[in-house]
Amino acid sequence: MPTLLSEQGLRLAHVNDAFCRLTGRQAEELLGTGWLASVHPDDVDAVVGLAAEVLEGGSGDIRARLLCGPDDERSTLIRFSHLHTPDLGSGFVATVEDVTERLAFEAQLAHQATHDPLTGLPNRARLSTYVAERFLPGTRDGLGCLFLDIDDFKVVNDSLGHAAGDQLLVQVARRLRAAVRPTDLVVRFGGDEFVVVCEDVDEDDVVALGRRISVELARPVQLGGVGVNVRVSVGVTVQTPAHLTADELVRDCDIAMYQAKADGKGRVSVLDQASREEARDKLRLVADLRAAIDGGQLTLAYQPVVAAATLVPVGLEALARWTHPTRGAVGPDVFVPLAEESGLVDALGSYVLEEACRQIAAWDAELGVAAPRTVNVNVSALQLDEHLPSLVATTLSRHGVGAERICLEVTESALMRNADQARAVLDQLRELGVTIAVDDFGTGYSSLAQLRRLPVDRLKIDRSFVAELSEGHPEITGAIVALAAGLGLDSVAEGVEDVAQVRALVELGATHLQGFGIARPMTGAAATAWFAERAR
């Protein structure tokens, strides 16, 4: 949309039809008038400044608003280029592009990138930039943070449906905004978690705010005609010189929230130094575990499983072991839950399966028919998804190992957590030819009806029940053995320690035994020698 601006009085010498349509005026009305009359007063100085430079022979562009009617203004991009004619002298051509809709769309995208679509609150991305902008390393007080989690939110989703859960989140967001100061930032962190950030506060101020929020949220919320009482666990932290980054401040607040939950939920908890150090130590351990998995620093120990009647070896269980370079041995009771909490469980599970299959191939090459026929590999509940069958099939194929050589052990509680999903995954694994064992049976309160429908082959009796045999209490172990036999399943007794337990288990009818009384876990090389000796 070119317009010619004369040097005398900055008056319009020519306009085209497009410029007329943009301003809503006829050419006859515009020609000879002051061009700057169409520019928003707040933008005039900037436009004049650039125009002056252009008149000296330069060029450039600027964003400015044009007045296009009594109630309309349009955002435009104006590009100036110098023009000199014999008749008019120096002037410039201005090309005006209407960018109103484009800017509105860009603003909408920017808002969506930094705000939660359900509640309209700022999201985690906005939280990060907001805190980083206000964080001054080495200072004390001033910047406070509250991390809130709705207690038992899953109960609402499960009993009233996800729509009711969404409605509850919207109500919580509204009450949070009403409970804080206008200058405080309220964020939906994710799921049922919210964060409030305050400036110019001390610890007492933030604790008082946390309690006020708890009271405000405790008023019943009507969801589908049902009154729901909301409780939140609130973690509080205020910036100290020990916080080196903005992320540390928010992370400490998250730790304090979990401390509140551990103390009984519905509480406001200030992070104590011991919890802070424990959490930071856990973070360091997670980083070390990730490096250990990536660097192949974990090893597998193998514990033999034998037939109860003959004590002939029928296989082994692969047990992950981690020797930390400075901490020494870190037990699986520590690093397996750590892997589950930190999202490393898939990597850990893949590593163990890979090493087990590699070892089976090595045993086959060295021992031939004397090689162990089955290796049990533990599977976390978090691995029971649609990706597991593909992972197992690919790993077996890569090492040339038959599916019948692998028995996957899944805890009873993992199977019952989502029985329908577990069944779908186990059906696919069964089609591959993999054996399935239910680990720690008797501790997960499973539905026997669900158990009957699941494609499993073995029940592993938890060691706590086997230990009761030594105290003259065979009832639970005997019941599990009978249940397994009735369902056509093998029963494997774990934690067998002595000859008396072996005899009792044989009398009860258990099919397989495993424990220190049979053989301790051993390296792959030691297992090679162990099986070779028994073959001779």
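Residue numbers run from 1 in the order of the sequence given.
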**Message:** Is it the case that the side chains of Thr240 and His243 hold a donor-acceptor pair, with the cut-off being a distance below 3.5 Å and no angle test?
**Reply:**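 Short answer, yes.
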Contact summary for [X] and [Y], nearest pair of heavy atoms:
| X | Y | answer |
| --- | --- | --- |
| Gln297 | Ala291 | NE2-O, 4.0 Å |
| Leu432 | Pro389 | CD1-O, 3.5 Å |
| Ala173 | Thr119 | CB-CB, 3.7 Å |
| Ala347 | Ile293 | O-CG2, 3.9 Å |
| Val401 | Cys357 | CG2-O, 3.6 Å |
| Ser233 | Gly266 | OG-N, 3.3 Å |

**Asked** Of the options Val196, Val197, Val195, which is the one that meets Leu146 in a side-chain contact (heavy atoms from CB on, under 4.5 Å)?
**Response**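 Only one of Val196, Val197, Val195 forms a side-chain contact (heavy atoms from CB on, under 4.5 Å) with Leu146, namely Val196.
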Side chain of [X], backbone of [Y]: donor and acceptor closer than 3.5 Å?
| X | Y | value |
| --- | --- | --- |
| Arg267 | Asp263 | yes |
| Arg405 | Pro372 | yes |
| Thr477 | Phe465 | yes |
| Gln501 | Glu497 | yes |
| Arg321 | Val330 | no |
| Gln303 | Met522 | no |
| Asn123 | Arg126 | yes |
| Ser350 | Asp346 | yes |

With a 4.5 Å heavy-atom cut-off, do [X] and [Y] have their side chains touching?
| X | Y | result |
| --- | --- | --- |
| Arg188 | Arg124 | no |
| Phe153 | Val230 | no |
| Leu338 | Leu285 | yes |
| Pro122 | Thr114 | no |
| Lys261 | Asp151 | yes |
| Phe147 | Asp252 | no |
| Trp322 | Asp288 | yes |
| Phe516 | Val496 | no |

**Message:** Salt bridge check, Arg430 against Asp427: does any charged N sit closer than 4.0 Å to a carboxylate O?
**Reply:**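 A salt bridge is absent here (no side-chain N lies under 4.0 Å from a carboxylate O).
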**Request:** Run the salt-bridge test on Lys265 and Asp152 with the 4.0 Å N-O cut-off and return the result as yes or no.
**Result:**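 A salt bridge is present here (some side-chain N lies under 4.0 Å from a carboxylate O).
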**Message:** Applying side-chain contact (heavy atoms from CB on, under 4.5 Å) to Leu169 and Asp116, what does each step give before you reach the verdict?
**Reply:** CA-CA 11 Å; Leu169 293 173; Asp116 171 51; over 6 Å; no
**Request:** Report the C-alpha distance between Leu209 and Cys198 in whole Å, list the side-chain angles of each, state the deciding distance to 0.1 Å, and finish with yes or no for side-chain contact (heavy atoms from CB on, under 4.5 Å).
**Result:** CA-CA 10 Å; Leu209 176 59; Cys198 317; 3.5 Å; yes
[X] side, atom [atom1]; [Y] side, atom [atom2] - distance, nearest 0.5 Å:
| X | Y | atom1 | atom2 | answer |
| --- | --- | --- | --- | --- |
| Leu388 | Leu408 | CG | CG | 6.5 Å |
| Ile518 | His512 | CD1 | NE2 | 12.0 Å |
| Glu494 | Ser464 | CD | OG | 10.0 Å |
| Arg134 | Asp200 | CZ | CG | 11.0 Å |

**Message:** Go through it in stages, so that I can follow the logic: the residues are Glu199 and Thr183, the test is side-chain hydrogen bond (donor to acceptor under 3.5 Å, both in side chains), and I'd like the CA-CA distance, side-chain angles, deciding distance and then a yes or no.
**Reply:** CA-CA 8 Å; Glu199 294 185 83; Thr183 55; over 6 Å; no
**Request:** Would you please name every residue forming a side-chain contact (heavy atoms from CB on, under 4.5 Å) with Ser342, sequence neighbours left out?
**Result:**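 In terms of side-chain contact (heavy atoms from CB on, under 4.5 Å), with neighbours along the sequence ignored, Ser342 is linked to Val286, Leu344.
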**Asked** Got a sec, which residues hit side-chain contact (heavy atoms from CB on, under 4.5 Å) with Thr245, two or more places apart in sequence or on another chain?
**Response**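 Partners of Thr245 under the side-chain contact (heavy atoms from CB on, under 4.5 Å) test: Asp247, Glu248.
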**Request:** Show the numbers, then the answer: is there a side-chain contact (heavy atoms from CB on, under 4.5 Å) between Leu300 and Leu319?
**Result:** CA-CA 5 Å; Leu300 296 189; Leu319 303 167; over 6 Å; no
**Request:** Determine, stepwise, if the pair Phe194 / Asp149 fulfils side-chain contact (heavy atoms from CB on, under 4.5 Å).
**Result:** CA-CA 7 Å; Phe194 296 83; Asp149 181 271; over 6 Å; no
Could you list the donor-acceptor pairs under 3.5 angstrom formed by side chains in residues 376-384, with sequence neighbours left out?
| unit_1 | atom_1 | unit_2 | atom_2 | d |
| --- | --- | --- | --- | --- |
| Asn376 | ND2 | Glu409 | OE2 | 2.8 |
| Asn378 | ND2 | Glu317 | OE2 | 2.9 |
| Ser380 | OG | Glu340 | OE2 | 2.7 |
| Ser380 | OG | Leu382 | N | 3.1 |
| Gln383 | OE1 | Ser380 | N | 3.0 |

**Request:** Begin from the C-alpha positions of Asp281 and Arg327 and carry the test salt bridge (charged side-chain N to carboxylate O under 4.0 Å, His left out) through to its verdict.
**Result:** CA-CA 12 Å; Asp281 184 64; Arg327 301 171 187 248; 2.7 Å; yes
**Request:** Test Thr435 against Asp457 for side-chain hydrogen bond (donor to acceptor under 3.5 Å, both in side chains), laying out the working first.
**Result:** CA-CA 6 Å; Thr435 302; Asp457 304 282; 4.7 Å; no
**Message:** Checking Asp184 against Arg181 for the salt bridge (charged side-chain N to carboxylate O under 4.0 Å, His left out) test, could you report, in this order, the C-alpha distance in whole Å, the side-chain angles of both residues, the deciding distance, and whether it holds?
**Reply:** CA-CA 5 Å; Asp184 297 337; Arg181 302 174 303 181; 2.9 Å; yes
